[in-house]
Enquirer: 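Following this message is one structure expressed as structure tokens.
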Amino acid sequence: AQSVTQLGSHVSVSEGALVLLRCNYSSSVPPYLFWYVQYPNQGLQLLLKYTSAATLVKGINGFEAEFKKSETSFHLTKPSAHMSDAAEYFCAVSVPGGGADGLTFGKGTHLIIQP
Amino acid sequence: EAGVTQFPSHSVIEKGQTVTLRCDPISGHDNLYWYRRVMGKEIKFLLHFVKESKQDESGMPNNRFLAERTGGTYSTLKVQPAELEDSGVYFCASSQDWAGALRHEQYFGPGTRLTVT
């Protein structure tokens with residue numbers, strides 16, 4: 001079975017600083033990987049996805065993530081944080097061709113932006 | 001294009017009562033999923049429909065939960081009788097394409113916050 005670990009339940013950065021949210025996965029086969037964002041009082045929005053094409057994936061709002069098989073990681077980055085980036089971020093994994101098509105989520109990371 | 005919608009947005013019920021949650025997927029999406037997030041925990045998969053058929057219900061907690069998707073359009077999730085531990089946010093998601101990578105690209109609704117007192 002696959003699993004996802006997100007390091008840090010809360011990450012605080014200053015406005016304009018680099019954002020780095022960590023995600024490590026465990027999967028017996030090459031996975032599909034996703035980052036979702038949940039803004040206050042809203043649903044989950046797909047930020048970006050890795051589905052075995054380019055290892056550096058660009059998403060919405062200036063975010064990107066790099067799939068590193070050797071490190072089993074899929075960390076989310078943004079060069080310069082904006083106040084509007086404050087939200088909860090979820091890393092998720094699914095297994096192509098697996099029996100269960102549900103996503104397996106990490107516990108989420110609250111991103112706090114300091115003015 | 002309308003996104004995934006869920007009704008109600010909030011529900012407060014007493015232990016032992018019945019609640020029915022509804023999800024309308026994106027039009028044309030054959031795949032429909034239910035998830036739940038209990039406070040302080042991660043989002044957990046409950047079940048997956050392909051059209052009107054249950055493809056995988058391995059995440060359903062127990063037989064107090066019943067999901068249906070009559071006609072392959074909207075879905076309902078009934079909890080009967082509700083227990084305190086059922087409190088949480090219930091998310092619905094949908095995806096297109098029965099086979100292939102697009103099946104895994106799921107679009108989520110805003111969720112239903114269920115509180116059992």
Side-chain angles (χ1 to χ4, degrees), chain A residues 1-10 23-27 29-54 57 59-60 67 74 87-110, chain B residues 2-7 9-10 23-26 29-51 53-60 67 88-113:
Chain A
Q2 59 272 22
S3 66
V4 175
T5 301
Q6 290 184 242
L7 290 177
S9 60
H10 293 77
C23 172
N24 288 87
Y25 70 90
S26 173
S27 175
V29 299
Y32 293 154
L33 293 158
F34 306 85
W35 275 99
Y36 285 86
V37 59
Q38 185 178 24
Y39 298 103
N41 301 314
Q42 295 186 29
L44 277 74
Q45 181 180 2
L46 181 61
L47 205 53
L48 50 77
K49 62 183 179 183
Y50 167 76
T51 55
S52 72
V57 179
I60 60 173
F67 172 69
F74 190 57
E88 190 168 17
Y89 292 78
F90 297 91
C91 183
V93 63
S94 67
V95 176
D101 292 321
L103 296 171
T104 299
F105 283 88
K107 291 187 175 181
T109 298
H110 284 96
Chain B
V4 177
T5 59
Q6 293 186 244
F7 182 84
S9 57
H10 293 84
C23 168
D24 287 78
I26 293 172
H29 281 195
D30 288 339
N31 296 288
L32 187 149
Y33 309 81
W34 283 98
Y35 294 83
R36 177 174 74 172
R37 190 182 194 194
V38 173
M39 186 177 293
K41 303 286 188 180
E42 61 266 38
I43 300 168
K44 290 280 197 182
F45 165 78
L46 296 179
L47 88 159
H48 170 208
F49 283 100
V50 177
K51 297 184 180 179
S53 299
K54 291 178 185 175
Q55 178 72 13
D56 179 4
E57 51 184 333
S58 60
M60 294 287 264
V89 180
Y90 290 77
F91 292 102
C92 175
S94 70
S95 69
Q96 61 179 328
D97 193 24
W98 160 227
L102 287 175
R103 178 182 62 178
H104 297 262
E105 188 171 322
Q106 298 181 21
Y107 294 87
F108 282 75
T112 293
R113 182 174 297 278

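Since this is a predicted model, take the numbers as computed values, not measurements. Each chain gets a letter, A, B and so on, in the order the sequences are listed, and its residues count up from 1.
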Enquirer: Side chain, backbone, both or neither: which part of A/Leu46 has a heavy atom under 4.5 Å from chain B?
Expert: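 Side chain of A/Leu46 only, per the 4.5 Å heavy-atom cut-off to chain B.
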Enquirer: Just how far is it from atom OG1 of A/Thr104 to atom CZ of A/Phe34, taken to the nearest 0.5 Å?
Expert: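 So the OG1 of A/Thr104 and the CZ of A/Phe34 are separated by 11.0 Å.
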Enquirer: How long is the straight-line distance from SG of A/Cys23 back to CZ of A/Phe67, given to the nearest 0.5 Å?
Expert: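 Atom-to-atom, A/Phe67:CZ and A/Cys23:SG are 11.0 Å apart.
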Enquirer: Identify which of B/Tyr35, B/Phe91, B/Tyr33, B/Trp34 forms the greatest number of heavy-atom pairs closer than 4.5 Å to chain A.
Expert: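 If we count pairs closer than 4.5 Å to chain A, B/Tyr35 comes out on top.
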Enquirer: A/Ala92 and A/Leu103: which non-hydrogen atoms are nearest, and at how many Å?
Expert: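 Taking every non-hydrogen atom into account, CB-CB, 4.2 Å.
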Enquirer: Can you name the one residue among A/Leu33, A/Val93, A/Asn24 that meets side-chain contact (heavy atoms from CB on, under 4.5 Å) with A/Val4?
Expert: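 Single pass found, and it is A/Val93.
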Enquirer: Output the option from A/Gln6, A/Gln42, A/Gln45, A/Lys49 having the highest count of non-hydrogen pairs under 4.5 Å with chain B.
Expert: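 Ranked by heavy-atom pairs under 4.5 Å with chain B, first place is A/Lys49.
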Enquirer: Name the region of A/Gln38, side chain, backbone, both or neither, that has any atom closer than 4.5 Å to a heavy atom of chain B.
Expert: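 Side chain only.
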Enquirer: Under a 3.5 Å distance rule, please check whether B/Gln55 uses its side chain to pair with a backbone N or O of B/Asn31 as donor and acceptor.
Expert: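 No; judged by distance alone, with no hydrogens or angles, the pair does not exist.
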Enquirer: In terms of heavy-atom pairs under 4.5 Å, which option from B/Lys41, B/Lys44, B/Gln6, B/Arg37 contacts chain A the most?
Expert: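 Between B/Lys41, B/Lys44, B/Gln6, B/Arg37, the count favours B/Arg37.
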